[in-house]
Amino acid sequence: MYDFSKMTGAIHDWLSSIMPNLGVIITEWVIIGLLFLAFFALLGLVLVYAERRIAGFFQFRLGPNRVGPFGMFQTVADTVKLLLKELVGTDRADKFLYNLAPFFLIIAALMAMATIPYGLGLIAYDVNIGLFFMMAISSIGVIGILLAGWASNNKYSMIGALRSGAVIISYELSLGLSSVLAMVLLAGTLNMNEIVMSQQDGWWLFRGHIPAIIAFIVFIITGTAETNRVPFDLTEAESELGAGFHAEYSGIKFAFFFLAEFVNMFIISAIAVTVFLGGWLPIHIPYWEGFNNIMDYIPGPFWFMIKTSGVIFLLMWFRWTFPRLRIDQILTLEWKYLLPISLINLILMAFIVMMGWVF
Amino acid sequence: MTTTEIDNKTGLVTQEYKINMGPQHPAAHGVLRLVLTLDGEIIEKVDPDLGYIHRGIEKMTERDTYKQIVHLTDRLDYLSSHINNEAVCLAVENALQIEVSDRVKVIRTIIAELTRLASHQLWWGVMGMDIGALTTFMYAFRDRELINDIMEETCGTRLTMNYNKPGGLMFDIHPNFQKRVKEFIKHFKVSLPEYNTLLSGNVIFKKRLQGIGYMSKEDAIAYGVSGPSARGSNISCDVRKIHPYSAYDRVDFNEILMEGGDSYDRYMVRMKEMEESMKIIEQLIDNIPEGDFETKTAAVLKLPKGEYYQKVESARGEFGVFIVSDGKKSPYRMKFRSPGFANLSILDKISRGHKIADLVAIMSSLDFVIPDIDR
C-alpha cells in the first residue's frame, strides 16, 4: 500500500527549505483549502450527474444525455446557469441572516470533509477525536437550515426549517450516540485513521457480530434522515411545501444548498465506509493470497471511492423508490424504535467487547 | 379550539396562522387555492377558493349548437374527455330519440374504459408523487402512453378526443385498433402488479394513508360524493351498474366497494377498478358488432322544449348533463354536474385535525381535476 504521507512529507520538506515556518504553514493551508474547494465542487458536479442518470435508470428514461459525451457536461452547464442567474430574494427578509445561512451548510460540509481518510496518510486533519469532531461539525449544518427558513420571511420555509430542526436533532442521537459509538467501542479509538487500520483483518461490519449489522442499518437510516433525503425529505417536501427552507433562494445561493445536500450525502457515505466497511483498505478474501496481493496494488483512494459510491448508490436507490414519511411518523420512528434499539445495541456491543468475543 | 393563547409568565403569544396553498402549488395539480388555518402543522380549517380557471363553459353552451357543445365538454375533466362527450351525446340522442347502432355503443364503451384506465394511471402516478415517491409517475406514464397512442390512431387526438358526436362517432375505428388494444391489455396485465409492488404494499405508503381522511357513509351521501371516492366508503353508486348506458348492460364486471372509508380504501378502489376496466375491454374487444358508425342526423339539431338529464360514470364519479331547451338550436341553459366539485366540498370535513402532509394525501385520494371543479 502506498503511503501518501511520503508525498506530503516531501512537499513539506521542500516548502520548509525555501521559506520560513509561518510561510510553510500558510502555504499548506492555502493549498489544502483550494484542493478541498476543488474536490467539493467536483463532487457536487459528479454526484448531481450521477443522481440524474441513476434516476433515469430507475424510471425508464435516459437522464441528461445531450451536453457532452453521455451528457457529462450537463451539470457544468447548469452550474454556469446558476452562477449567472439574478439573485432574487424576499422583501422584508432579514438580509444578514438570509445571506449568511448558505455558508453554514457549506462550511460545515467542508470542515467535515477534512477528517475523512481518503488513503494511507491522505487526511487533511488527523486528530485523535476525528469521528467526534466530524459528528460535531456536521450538526452545525442544521443551523444554516433553521436560519434560512427563519430569515426568508416565508411560512412555507419556516415550516420546512422547523421540521428539519426537529428531525436532524432527533436523529443525531441515534447516529452519533449509538450506532457510531458502538463501532468506536469495537475499534477502541476515535481517530479516523486508526479506525481504518484496525480493520486490516476484516471489516467491522462482518467482525462485529449482529450488533455491528444492527448499527449499520440504524446508521444508514439515520444518515438518510441527516441528509434530508427521501424518505425523510420533509424539509423540502416539494408536494407539500414547494421547496421548503430554500424556497426563497435563487441562483448561486440556491446552488449552495443544493451542493451541500449532495456533499452531505458523500460525507455520510464516507463515515459509513470508514467505520463499517474498512475505509480505503482493499477488499481481502481470506485464504485467497494471490487475489489479496493483487488487490493490495490498487491504491487506497480508489477503494475508498468505490465503496463510497456503493453506499451513495444505496441512498439514491432509497430516494427513487420510497414515499415520504410524515413528520410525526419520523419522530416516532426515532424516539420509539431507533433510539431504544441502538441503545440496547450499544450495551450488547460493550458486552461483546468486554468478553473479547471479537474475531 | 382557542385562536390565541397568551402565556402568563412570559407573555409569549401562541396563535393559529393562515397559509395560502395555491393557486400555484404542486399538490393542487392545477390552480386550486386552499386557505389553510393551521395550528402548527395541524389543520384546523380548509377553505377552498375557486375561480382561477373558470372559463364560463356553461354560459358558452348557450351560444353554441348541440354538436358544437360536445367539443367544449372535453375541457371540463380533461382526463375523462371521452366520457364527458358521451354524456352530452347520450342526452341529445335520448331527447331526439336517435337510435345508435350496437357498434357505436360497444366502441364508445371500450374507449370510455380506456379513458378511465388512462385517468386512473395518471392519478396513480401523481398520487405516488404527492406522497413523495417520484418514480411512480414514470411507471404510470410509460403505460398511459400506450393508451394515448391508441387514441391518437383511432380518434386523431391523444387527450381531448372529440370522438363522439350526437348520433354516433366521428369516424370508424382504425384497422389496428383491436390489435393494439389487445397488446395494451397484455402489457398492462403485467405492469399493474408492478404498481402494487412499488407502491400499494409499501409500509410507508400504507402508514401514510391508512386512517387518514376518514369519510363516513353518511357524510359522503350528505356531501354528494360520488365515484371511487364514495365507493371507498361502501356506497354503491356506480352509474354503469345502476343506470346502464351504452354497452354496460351486456358486460360482466364488479362494482368495487370498500368498507374503510379512509384514503387507503379510496386508493384501493381505484387500483381494483383498473382491473375491472380491463375485464370490460376484454369482453368487448373481440365482439365489436358490424354496423354503421353513425346515424345520419340533421346538420343543426333542435331539441324539443323540455328538460333532459343524463348521467354517466366518469373516472371521478357521477358526471351529469342537464339541458333546458326552449326548442331553439342552442340550449336555454345547460348545467354540468361535475363530480370534482361535490368531492371537493367534503375536503374540509375530512382533513380537519390532520397534518399538512395528510392534506396532500387526502387531496390525492379524492383525485381532483381542477378544470372539472371550475367550469
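Letters A, B, ... are given to chains in the order of the sequence lines, protein chains preceding strands, and every chain is numbered from 1. Bear in mind that the values here come from a model prediction, so they are computed numbers and not experimental data.
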Examine whether an atom of [X] lies under 4.5 Å from a heavy atom of chain A, and if so say whether it belongs to the side chain, the backbone or both; otherwise answer neither.
X         : answer
Asn202(B) : side chain
Ile212(B) : side chain
Lys207(B) : both

**Asked** Shortest non-hydrogen contact from Tyr156(A) to Asn20(B)?
**Response**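 Looks like OH-O, 2.6 Å.
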
**Asked** Which atom names give the shortest non-hydrogen contact between Pro323(A) and Ile131(B), and what distance separates them?
**Response**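 Residues Pro323(A) and Ile131(B), closest heavy atoms: CB-CG2, 3.5 Å.
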
Considering residues, nucleotides and ligands other than [X], do more than 12 of their heavy atoms fall under 6.0 Å from its [atom1]?
X         : atom1 : value
Phe73(A)  : CZ    : no
Phe341(B) : CZ    : no
Lys182(B) : NZ    : yes
Lys95(A)  : NZ    : yes
Phe70(A)  : CZ    : no
Leu97(A)  : CG    : yes

**Asked** Between Leu198(B), Leu359(B), Asp358(B), which shows the greatest number of heavy-atom pairs under 4.5 Å with chain A?
**Response**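 Option with the greatest count: Asp358(B).
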
**Asked** Who among Tyr17(B), Phe137(B), Phe141(B), Tyr139(B) has the most heavy-atom pairs with chain A under 4.5 Å?
**Response**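 Going by pairs under 4.5 Å, I would pick Tyr139(B).
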
**Message:** What I'd like to find out is whether the side chain of Ile19(B) reaches to under 4.5 Å of the side chain of Ile159(A), using heavy atoms alone.
**Reply:**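 Touching, per the 4.5 Å side-chain cut-off.
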
About how many Å separate [atom2] of [Y] and [atom1] of [X], when rounded to the nearest 0.5 Å?
X         : Y         : atom1 : atom2 : result
Phe60(A)  : Arg142(B) : CZ    : CZ    : 4.0 Å
Met129(B) : Arg324(A) : CE    : CZ    : 10.5 Å
Leu134(B) : Thr321(A) : CG    : OG1   : 10.0 Å
Gln329(A) : Arg208(B) : CD    : CZ    : 6.5 Å

**Request:** Below 4.5 Å from any heavy atom of chain B, which atoms of Phe322(A) appear? Answer side chain, backbone, both or neither.
**Result:**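 Looking at Phe322(A), backbone and side chain both touch chain B.
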
**Proximal component of Leu162(A), with respect to chain B [non-hydrogen, under 4.5 Å]** =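 Neither the backbone nor the side chain of Leu162(A) comes within 4.5 Å of chain B.
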
**Request:** Using atom types as modelled and distance alone, determine if a side-chain donor or acceptor of Thr135(B) lies under 3.5 Å from a backbone N or O of Gln59(A).
**Result:**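 No, Thr135(B) side chain to Gln59(A) backbone: no donor-acceptor pair under 3.5 Å.
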
**Prompt:** Under 4.0 Å between a Lys/Arg side-chain N and an Asp/Glu carboxylate O for Arg326(A) and Glu41(B)?
**Reply:**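 Here Arg326(A) does not pair with Glu41(B) in a salt bridge, since their nearest N and O are not under 4.0 Å apart.
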
